[in-house]
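Before I ask anything, here is the structure I am working with.
Positions are given from 1 along the sequence.
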Amino acid sequence: MSDLSVIQYALIALIFIWSGFVRSGLGFGGAVLSLPFLLLVKDDPLVFLPIIAVHLLVFSSLTIWTNNRRSSANKDSQSRQKLTGFGPDVASAATEGTVDWGYLWRMLRVMLIPKLIGVFGLFTLPSNVLSAIIFVIVAIYSVSYIINRPFRSKSKSVDVALLMAGGYISGTSLIGAPLIIAVAAQHLAREKLRDTLFGLWFILVLIKLAAFIWVGLDLQLIHHLWLLPCAAIGHVIGLRFHERILKAETPVFFRLLGIVLLVVSSVGMVSVLL
């Protein structure tokens, strides 16, 4: 990214603030909701994917650690209150961590092989073809947001198919989250959904980052010095937003988001074809 203009750097900084916001606010979307914008600035996914991967590793692990530490503190406080006779019953009030590790490992077993196949495809596809695939996938996601009909699975076989497809797409471009969430959201408690997804993203992205290092891809390490703080700003704002959406549905937000993504994806597809 050393040959970009000041305006391009400024746009990238704003997009990574947005990326941090949606990642912590929704539990997904750090890639799928920012890559289309980044590709309009510089049409090369392999420039941005390592940066997004590192950001996800940092902020997902930080969020899980912070939330579990807070959960443990609440549990200790409730235990002390029960001993004094003034607190609620600990068995009903305390939570056992914020990640459902059992379900996480079940999803990972289904997704692992498709994930590895997708990683291989990432390094064999030309960048313009990969960009076109990303724009098409994001356009499909955006339509589901606009009509308020997100992907849903209705059977165990559909669950497996969606997880495998999500694993493959995650391997090629890190944007398989909506397909995975279509399954996870139906089997996980709402308060555990985001952190369980963060745990899954951490493992999947770690595999991809190892592949980047193995093939000698430039990880853009120098640019992490200024893009990590940008993502951190969005991350803090997103944490506050997440607390609100746990209490209320936000279909209008997703509909507007879908419209913006559809426009961006359409413009991106035109730029790739031309």
Side-chain angles (χ1 to χ4, degrees), residues 1-4 8-39 41-67 99 104 108 111-112 115-116 118-123 127 130-131 134 138 166-167 169-177 180 194-239 242:
M1 293 200 298
S2 58
D3 57 343
L4 300 181
Q8 286 176 305
Y9 283 128
L11 289 173
I12 290 172
L14 290 174
I15 293 169
F16 272 99
I17 292 175
W18 162 251
S19 174
F21 166 75
V22 295
R23 182 187 300 110
S24 61
L26 305 179
F28 75 100
V32 69
L33 302 182
S34 61
L35 257 180
F37 299 99
L38 291 169
L39 293 178
V41 178
K42 182 175 179 61
D43 188 16
D44 188 352
L46 292 179
V47 170
F48 299 112
L49 287 175
I51 301 174
I52 293 173
V54 171
H55 286 187
L56 197 149
L57 291 178
V58 171
F59 292 111
S60 64
S61 58
L62 179 63
T63 302
I64 292 173
W65 177 78
T66 302
N67 287 343
V99 177
L104 186 156
L108 189 61
M111 298 170 57
L112 186 57
K115 170 74 176 184
L116 295 175
V119 169
F120 177 76
L122 173 67
F123 298 115
S127 61
L130 183 58
S131 296
I134 291 172
V138 171
I169 296 171
S170 172
T172 58
S173 57
L174 288 177
I175 60 174
I180 299 168
R194 185 189 61 171
D195 284 11
T196 301
L197 290 173
F198 272 169
L200 181 64
W201 305 153
F202 185 93
I203 296 170
L204 294 177
V205 169
L206 196 61
I207 294 172
K208 189 153 192 169
L209 197 59
F212 287 157
I213 296 172
W214 181 59
V215 300
L217 185 69
D218 184 0
L219 300 183
Q220 309 292 338
L221 294 177
I222 188 65
H223 296 289
H224 289 284
L225 296 177
W226 62 281
L227 287 175
L228 266 173
C230 293
I233 294 172
H235 180 81
V236 172
I237 299 172
L239 289 175
H242 181 73

query: Can you find a pair of side-chain heavy atoms, one from F59 and one from L239, that are under 4.5 Å apart?
result: no
field: CG on L62 to CZ on F198, rounded to 0.5 Å
entry: 10.0 Å
- prompt: Roughly how far apart are I15 CD1 and L11 CG, rounded to 0.5 Å?
  reply: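 I15 atom CD1 to L11 atom CG measures 6.0 Å (nearest 0.5 Å).
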- prompt: Between the main-chain N or O of H235 and the side-chain N or O of R23, is there a donor-acceptor pair closer than 3.5 Å?
  reply: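 Between the backbone of H235 and the side chain of R23 there is no qualifying donor-acceptor contact (under 3.5 Å).
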query: Is a side-chain N or O of T172 found less than 3.5 angstrom from the main chain of I169, in a donor-acceptor match?
result: yes
message: For the NZ atom of K208 and the CG atom of L217, what is their distance to the nearest 0.5 Å?
response: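 So the NZ of K208 and the CG of L217 are separated by 10.5 Å.
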task: Assess whether atom CD1 of I222 is packed by more than 12 heavy atoms of other residues, nucleotides or ligands within 6.0 Å.
output: no
message: Side chains of P45 and L39, heavy atoms from C-beta outward: is any pair under 4.5 Å?
response: yes
Shortest non-hydrogen contact from I52 toward S34: CD1-OG, 4.2 Å
query: Using 30° and 60° as the class limits, which term best fits the ring planes of F48 and F16: parallel, tilted or perpendicular?
result: tilted
query: Which value, rounded to the nearest 0.5 Å, describes the distance between I180 atom CD1 and M111 atom CE?
result: 3.0 Å
message: Can you tell me how far apart CG (L57) and CG (L204) are? Round to the nearest 0.5 Å.
response: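 Reported to 0.5 Å precision, the distance equals 10.5 Å.
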task: Measure the shortest side-chain to side-chain distance between H223 and I12 over non-hydrogen atoms and say whether it is less than 4.5 angstrom.
output: no
